[in-house]
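For reference, the structure is listed below as C-alpha cells.
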Amino acid sequence: MQESFAVFITKISLYPTVIFTGLVMFVTLYWLVSLLGMADMDTVELGDAGGEADISDLSSTGFFTGLMLKFGLYGVPLIIILTLISLIGWLLSYLYTSFLHQYFHSGALYYVFGTGALVFVLVVSMWLTGLIISPIRKNIANIPKRSAASNVGKVAIVRTLSVTDKHGEAELADGGAGLILKVRSQSADNLLKQGDKVILVEYIATANAYYVTAAKDE
C-alpha cells in the first residue's frame, strides 16, 4: 500500500505531470476559498453576442483571446474552464508518465519528449473542455436575460468576508435559487462584511458589478 502510494507520488511529480498536479492543487484551493466566501467567480466574456467573434483571425482579438475562442472556452466561469483543463490534462499526462515516460529517465530526451507531451496534452485538454462546456454555454445563452439595472434599489446579503472597491459578492433573493452578484464599495470607510444587508445603488457595466451601500435597519 505504502509502496503503491510512493510510486503514485513519484509519477505525479515527474515532468510534465507535475505542472498539471500544481494546477489541480491551485483550482482545488480556489474552490475551497470560494466556498468560504473569500473569492468571487468570473465568467469569461469574449466577443459580442455570447462570444460570436471572428475567430478566423487571431490578430483581430489578440492571440490568447482568439485561442480561447477557437476552442470554445468562454461563456462560463473561468474557474470551471481551468478546473476541467487541469483535471483532463492531469489524467492524460499521468497516463503518459505511466506508460511512455518510463523509457526516458533523464537527459535531453526526458525534457524533449516531456515538452512535446505537455503541448499535446494541453491542446487536447482545451479541445475536450470546449466540447464539455459547449452545451452548458448554449443553455446559459438561452436563459432569458433581464436588465441588470432592474436590480438597482434591491437589498442583497454579502456572502464574501468583506466588500472592497475591487472585490466582493452578495446574494440577491429573486424568488428562485437566488442570484450571486459581484459588488463593490465606493468608499474605504464603508466597511461591509459577510452577512450584512446592502442596497444595490448603481450598476457598473464595465465590471458587471454593483456599487452597494449598507442597508439601514428598519
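All values reported here derive from a predicted model rather than from experimental measurement.
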Mind checking whether Val123 and Tyr94 sit in one hydrophobic cluster, side chains of I, L, V, M, F, W, Y counted as touching below 4.5 Å? yes

Does any part of the side chain of Asp196, heavy atoms only, come nearer than 4.5 Å to the side chain of Ile157, both counted from C-beta? no

Check: Tyr96 and Phe113 side chains under 4.5 Å, non-hydrogen atoms: yes

Decide yes or no for Ser162 and Gln194: does some side-chain heavy atom of the first lie under 4.5 Å from some side-chain heavy atom of the second? no

From CD1 (Ile85) to CH2 (Trp127), nearest 0.5 Å: 14.0 Å

Do Lys154 and Leu172 have side chains that get closer than 4.5 Å, going by heavy atoms? yes

Quick check for you: to the nearest 0.5 Å, what is the distance between Leu82 atom CG and Leu23 atom CG? 7.5 Å

Looking at Val152 and Tyr203, what are the two nearest heavy atoms and their distance? CG2-N, 4.0 Å

From Ser86 OG over to Phe26 CZ, what is the distance, rounded to the nearest 0.5 angstrom? 8.5 Å

Arg159 with Glu171: basic N within carboxylate O range, under 4.0 Å: no

Closest non-hydrogen contact found for Leu200 with Ala156 is CD2-CB, 4.4 Å

So do the side chains of Leu118 and Phe20 get within less than 4.5 Å of each other, counting heavy atoms only? yes

Pair Tyr15, Thr115: side-chain N/O donor-acceptor within cut-off below 3.5 Å: yes

Heavy-atom closest pair (Ser185 atom, Val163 atom, distance to 0.1 Å) is N-CG1, 3.7 Å

Separation between CD1 of Ile12 and CD1 of Ile9, rounded to the nearest 0.5 Å: 4.0 Å

Walk me through whether Lys182 and His167 qualify under side chain to side chain contact (heavy atoms under 4.5 Å, CB included). CA-CA 8 Å; Lys182 292 192 289 183; His167 164 78; over 6 Å; no

Do Leu92 and Ser125 come close enough that some side-chain heavy atom pair is under 4.5 Å? yes

Worked verdict on Ile79 versus Val27 for side chain to side chain contact (heavy atoms under 4.5 Å, CB included): CA-CA 7 Å; Ile79 187 60; Val27 296; 4.1 Å; yes

Could you report the tightest heavy-atom contact between Pro16 and Gly114, atom names first, then the distance? CG-O, 3.5 Å

Yes or no on side chain to side chain contact (heavy atoms under 4.5 Å, CB included) for Asn151 and Tyr210, after CA distance, side-chain angles and deciding distance? CA-CA 9 Å; Asn151 292 325; Tyr210 295 85; 3.1 Å; yes

According to a hydrophobic-cluster definition based on side-chain heavy atoms being under 4.5 Å apart (Ile, Leu, Val, Met, Phe, Trp, Tyr only), do Ile199 and Leu192 belong together? no

CD1 of Ile88 to CE of Met126, rounded to nearest 0.5 Å, is 11.5 Å

Can you find a pair of side-chain heavy atoms, one from Thr213 and one from Val198, that are under 4.5 Å apart? no

If hydrophobic clusters are built by linking Ile, Leu, Val, Met, Phe, Trp and Tyr wherever their side-chain heavy atoms come under 4.5 Å apart, do Leu131 and Phe71 end up in the same one? yes

Is Val158 reachable from Val201 through a run of hydrophobic residues whose side-chain heavy atoms are each under 4.5 Å from the next? no

To the nearest 0.5 Å, what is the distance between CZ (Arg184) and CD1 (Ile204)? 7.0 Å

Cluster overlap Tyr211 with Leu179, hydrophobic side-chain contacts below 4.5 Å: no

Under 3.5 Å, is there a donor-acceptor pair between the side chain of Ser134 and the main chain of Gly130? no

Of the non-hydrogen atoms in Ile180 and Glu169, which two are nearest, and what is the gap between them? CG2-OE1, 3.5 Å

Do Thr97 and Thr17 have side-chain atoms, one donor and one acceptor, less than 3.5 Å apart? yes

What residues, two or more places apart in sequence or in another chain, satisfy side chain to side chain contact (heavy atoms under 4.5 Å, CB included) together with Val18? none

Testing the 3.5 Å rule here: is there a donor-acceptor pair between the side chains of Trp31 and Thr83? yes

Contacts of Asp165 meeting salt bridge (charged side-chain N to carboxylate O under 4.0 Å, His left out) (sequence neighbours excluded), chain-then-number -> none

